[in-house]
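Accompanying notes for the structure given below.
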Amino acid sequence: MTANILAETEDLRVCYGRVEALHGLSIRIREGQIVTVVGANGAGKTTLLSALMGLLPHTGRIAFPRWPTAALSVEERIRAGLCLVPESRDLFGTMPVEDNLRLGGFSRRGDRGYSAGQSLEEVFALFPRLKERRRQTANTLSGGERQMLALGRALMAKPKLLMLDEPSLGLAPLVTKEIIAAVAGLRDHGVSILLIEQNARAALAVADHAYVMETGSIMLEGPAEAVARDPRVVDSYLGAR
Ligand code: ATP
């Protein structure tokens, strides 16, 4: 069954200078799913996202079977609906929440049927906290609110495949729960998601399919529930409750 594959890699290799960081990765992201990649620091998760975005030279294959051209530039990937929320969030700190959000819709301006105002209301419906704080500058938000803003800004571009790099980074467990629940809500609104997380427990609880990455290679993959029960994953990533 290949019809619903949104993105896939085959034997993907990325080098930084002479050091190979990804050693031939093959992954698939199906439409309507949350796919998670869990792994320790330095496993190569961010490198994978950057390569999918088209930001790094690589060998092997990266394909988006549902999108018009085979070899897409970064700009074409963004226009087709690929969106990356980096670990750093990359907000404009001195600008108000609403302006940060509106900038997220910039790549869609002029598209038929796109309304920035309507998208803004949809984001506010999903994250009422952002509406309350729409005039507050981004650098005065709490960590959780900043992550909501980064997610909201990404949603302004109407993504089809949203790639999230460590959305729980630096957040308290309760706030992490809130963010991960919001991510699950996005899937229910038809956005497919590639979720990179060190918080394996939170990611596996919400994902449909999971890959476990160790030093540039996939060491395990399968339905998220099965991966969460795998003794190697329990030992290395989940530990005692
Ligand atoms: P983390 O969870 O800590 O962000 P990660 O799984 O996202 O880790 P990457 O950031 O993809 O891992 O890094 C994978 C490997 O590639 C690491 O060994 C890292 O040191 C190396 N690396 C990443 N970026 C560069 C770079 N620009 N130049 C050289 N080496 C790099």
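A quick note: this is a predicted structure, and the numbers were derived from the prediction, not measured. We count ligands from 1, going down the list as the structure has it; atoms in each ligand are counted the same way.
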For atom 5 (P) of ligand 1, state which one of Glu214, Glu166, Gln198, Lys45 supplies the nearest heavy atom.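 Minimum heavy-atom distance to atom 5 (P) of ligand 1 goes to Lys45.
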
Heavy-atom distance to atom 11 (O) of ligand 1: which of Val14, Val37, Thr47 wins?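 Ranked by closest heavy atom to atom 11 (O) of ligand 1, first place is Thr47.
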
Can you check atom 20 (O) of ligand 1: any protein non-hydrogen atom closer than 4.0 Å? no

Looking at atom 14 (C) of ligand 1, is any protein heavy atom nearer than 4.0 Å to it? yes

Less than 4.0 Å is my threshold; does some heavy atom of Gly44 fall inside it relative to ligand 1?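 Right, Gly44 reaches ligand 1.
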
For ligand 1, is Ser50 a contact, meaning one of its heavy atoms is under 4.0 Å away?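 Outside the 4.0 Å threshold, so no.
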
Checking Arg109 against Phe106: charged group under 6.0 Å from the ring centre and within 45 degrees of the axis?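 That pair qualifies as a cation-pi contact.
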
Residue that, paired with Met163, satisfies side chain to side chain contact (heavy atoms under 4.5 Å, CB included) out of Val35, Val85, Leu82: Leu82

Is there a salt bridge (charged side-chain N to carboxylate O under 4.0 Å, His left out) between Glu122 and Lys158 once you walk through the steps? CA-CA 11 Å; Glu122 286 167 10; Lys158 298 274 176 201; 2.7 Å; yes

Looking at [atom], what's its closest protein heavy atom, distance included?
atom: atom 3 (O) of ligand 1; value: Asn41 ND2, 2.7 Å
atom: atom 10 (O) of ligand 1; value: Thr46 CB, 3.7 Å
atom: atom 26 (C) of ligand 1; value: Tyr16 CD2, 3.4 Å
atom: atom 18 (O) of ligand 1; value: Gly42 O, 4.1 Å

Hey, does the side chain of [X] reach the backbone of [Y] with a donor-acceptor pair shorter than 3.5 angstrom?
X: Asp165; Y: Pro86; value: no
X: Ser50; Y: Leu55; value: no
X: Arg108; Y: Ala157; value: yes
X: Lys45; Y: Ala40; value: yes

Can Arg102 and Glu98 be counted as an ion pair, charged N to O under 4.0 angstrom?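 Salt bridge: yes.
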
Could you list the atoms of ligand 1 found under 4.0 angstrom from a heavy atom of [X]?
X: Ala43; result: 5 (P), 6 (O), 12 (O)
X: Ala40; result: 6 (O)
X: Glu87; result: 4 (O)
X: Ala21; result: 16 (O)

Using only heavy-atom distances, determine whether the side chains of Glu197 and Thr36 contain a donor-acceptor pair under 3.5 Å.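 No, no side-chain donor-acceptor pair sits under 3.5 Å.
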
